[in-house]
Asks: 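Here it is, the structure in full.
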There are 2 protein chains.
Amino acid sequence: MTIPFNELRKKWRKDPKYLKAYGELEPEFELARELIMARAKAGLSQKELARKMGTSQPTVARLESGHKPSLKTLERYAEAVGMKVDIRLVAG
Amino acid sequence: MTIPFNELRKKWRKDPKYLKAYGELEPEFELARELIMARAKAGLSQKELARKMGTSQPTVARLESGHKPSLKTLERYAEAVGMKVDIRLVAG
DNA sequence: ATTTATTATACCAATTTTGATATAATGTTC
DNA sequence: GAACATTATATCAAAATTGGTATAATAAAT
């Protein structure tokens, strides 16, 4: 079944408040958010996505909670949700 | 001193020929190229960049030759050349 | 309220990446 | 051509991530 929208919204509402306390947007939460949205868009649970990636549900949870993955793992995640990873170095 | 432009051009000329032989653009070479260009733009040698990253020159060479780094390492590279990593999942 | 589904966390072995050293290959300067 | 600078490759120990299991917490369905 698909991920309920208000669950994602609650996550998103938590994040900005937390991040505002620190006065900046943490990059690792930005990526985690990107992953969660991509998975929601694909209509998959963590368990279903883990199967497609050839890994386990806790591994997916860890990727979506701000841990820093390897590019290899990131690309496997993206492929499992039917997308590709696009990486740029931009002016900082 | 800055990286001679024709050295980079030679690299770029090698890459497309090699890649055309396989009929596609390998993502890891795409990232490697992005890194090399960013470093060239910052006017740094691998040794100088390694110092800024807090690592060694061979580690930088490995990053720029197609090996898959962790995000943490990628962010350290980007910060050392005065940039930020921008990661998107895009339709594939 | 109970059951089921989903997500999050902890721990540890296995695997992968980093970091350092040594050194080779290539290019530049003189 | 020699000296110097830059880049590339190999190897191995250390560090970090993955993968799996167990389990807890939360949410949804009944």
Asks: Return the value, rounded to whole Å, for the distance between atom OH of A/Tyr77 and atom P of D/dG19.
Replies: 14 Å
Asks: Expressed in angstrom and rounded to an integer, what is the separation of A/Lys72 atom NZ from C/dT15 atom P?
Replies: 12 Å
Asks: Report, one pair per line, the protein and nucleotides 9-14 of chain D atoms (nitrogen or oxygen only) whose separation is under 3.5 Å.
Replies:
none

Asks: List the steps, then state whether side chain to side chain contact (heavy atoms under 4.5 Å, CB included) holds for B/Leu49 with B/Tyr77.
Replies: CA-CA 8 Å; B/Leu49 176 56; B/Tyr77 188 114; 3.4 Å; yes
Asks: Check the pair A/Val81, A/Lys52 against side chain to side chain contact (heavy atoms under 4.5 Å, CB included), reporting the backbone distance first and the verdict last.
Replies: CA-CA 9 Å; A/Val81 295; A/Lys52 284 183 149 233; over 6 Å; no
Asks: Of all the nucleotides listed (C/dT18, D/dA8, D/dT18), which has the minimum atom distance to the side chain of B/Glu64?
Replies: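 Nearest listed nucleotide: D/dA8.
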Asks: Is the closest basic N to carboxylate O distance between B/Glu64 and B/Arg33 below 4.0 Å?
Replies: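 No salt bridge links B/Glu64 with B/Arg33.
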Asks: Rounded to whole Å, please give me the gap between CG in A/Leu35 and C1' in C/dT7.
Replies: 15 Å
Asks: If we ignore hydrogens and angles and just use 3.5 Å, is the side chain of A/Ser65 paired with the main-chain N or O of A/Ala61 as donor and acceptor?
Replies: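 Yes, A/Ser65 side chain to A/Ala61 backbone: donor-acceptor pair under 3.5 Å.
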Asks: Is the shortest side-chain N/O distance from A/Thr55 to OP1 or OP2 of D/dG19 below 4.0 Å?
Replies: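 Yes, because at least one side-chain N or O of A/Thr55 sits under 4.0 Å from OP1 or OP2 of D/dG19.
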Asks: Report the end-to-end axis angle of the helix from C/dA1-D/dT30 to C/dC30-D/dG1; each axis comes from five terminal pairs, and the value is rounded to 10°.
Replies: 60°
Asks: When we call it a touch if two heavy atoms are under 4.0 Å apart, what does B/Ser56 touch: a base, just sugar-phosphate, or nothing?
Replies: base
Asks: Grab the CG-C1' distance between A/Leu49 and D/dG19 for me, whole Å please.
Replies: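 Going from A/Leu49 (CG) to D/dG19 (C1'), I get 15 Å.
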Asks: Nearest 0.5 Å please: distance from the CE atom of B/Met83 over to the CZ atom of A/Arg88.
Replies: 11.0 Å
Asks: Quickly work out the B/Gln46 CD to C/dT21 P distance and round it to whole Å.
Replies: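 In whole Å, C/dT21 P and B/Gln46 CD are 17 Å from each other.
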Asks: Can you tell me how far apart CZ (A/Arg51) and CG (A/Leu44) are? Round to the nearest 0.5 Å.
Replies: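 Atom-to-atom, A/Arg51:CZ and A/Leu44:CG are 10.5 Å apart.
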Asks: Please tell me which of the listed nucleotides, D/dT7, D/dG19, C/dT17, lies nearest to the side chain of B/Ser45?
Replies: D/dT7
Asks: D/dT7 phosphate, OP1 or OP2: any side-chain N/O from B/Arg39 under 4.0 angstrom?
Replies: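 Looking at the OP1 and OP2 atoms of D/dT7, one of them is under 4.0 Å from a side-chain N or O of B/Arg39.
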Asks: Let me know the distance between CZ of B/Arg51 and C1' of D/dA5, rounded to the nearest Å.
Replies: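 In whole Å, D/dA5 C1' and B/Arg51 CZ are 12 Å from each other.
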Asks: Kindly compute the distance separating NZ (A/Lys41) from CG (B/Leu89), expressed to the nearest 0.5 Å.
Replies: 10.0 Å
Asks: Rounded off to whole Å, could you give me the CG-to-C1' distance for the B/Leu71 and C/dT18 pair?
Replies: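 Taking atom C1' of C/dT18 as the reference, CG of B/Leu71 is at 14 Å.
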Asks: Both B/Ser70 and B/Val60 contact DNA chain D. Which one's nearest nucleotide lies toward the 5' end?
Replies: B/Val60
Asks: Using a cut-off of less than 4.0 Å, is there contact between a side-chain N or O of B/Arg76 and OP1 or OP2 of C/dG19?
Replies: yes
Asks: Quick one: pull up CG in A/Leu71 and CD1 in B/Ile87 and give me the separation to the nearest 0.5 Å.
Replies: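 Going from CG on A/Leu71 over to CD1 on B/Ile87, the span is 6.5 Å.
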Asks: Find the distance B/Lys47:NZ to C/dA20:P and express it as a whole number of Å.
Replies: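 The answer, rounded to whole Å, is 14 Å.
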Asks: Looking at A/Glu48 and A/Arg39, is any side-chain nitrogen of the basic one under 4.0 Å from a carboxylate oxygen of the acidic one?
Replies: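 So A/Arg39 does not pair with A/Glu48 through a salt bridge.
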Asks: Let me confirm one number: the CG-CD distance from B/Leu74 to B/Glu79, rounded to the nearest 0.5 Å.
Replies: 12.0 Å
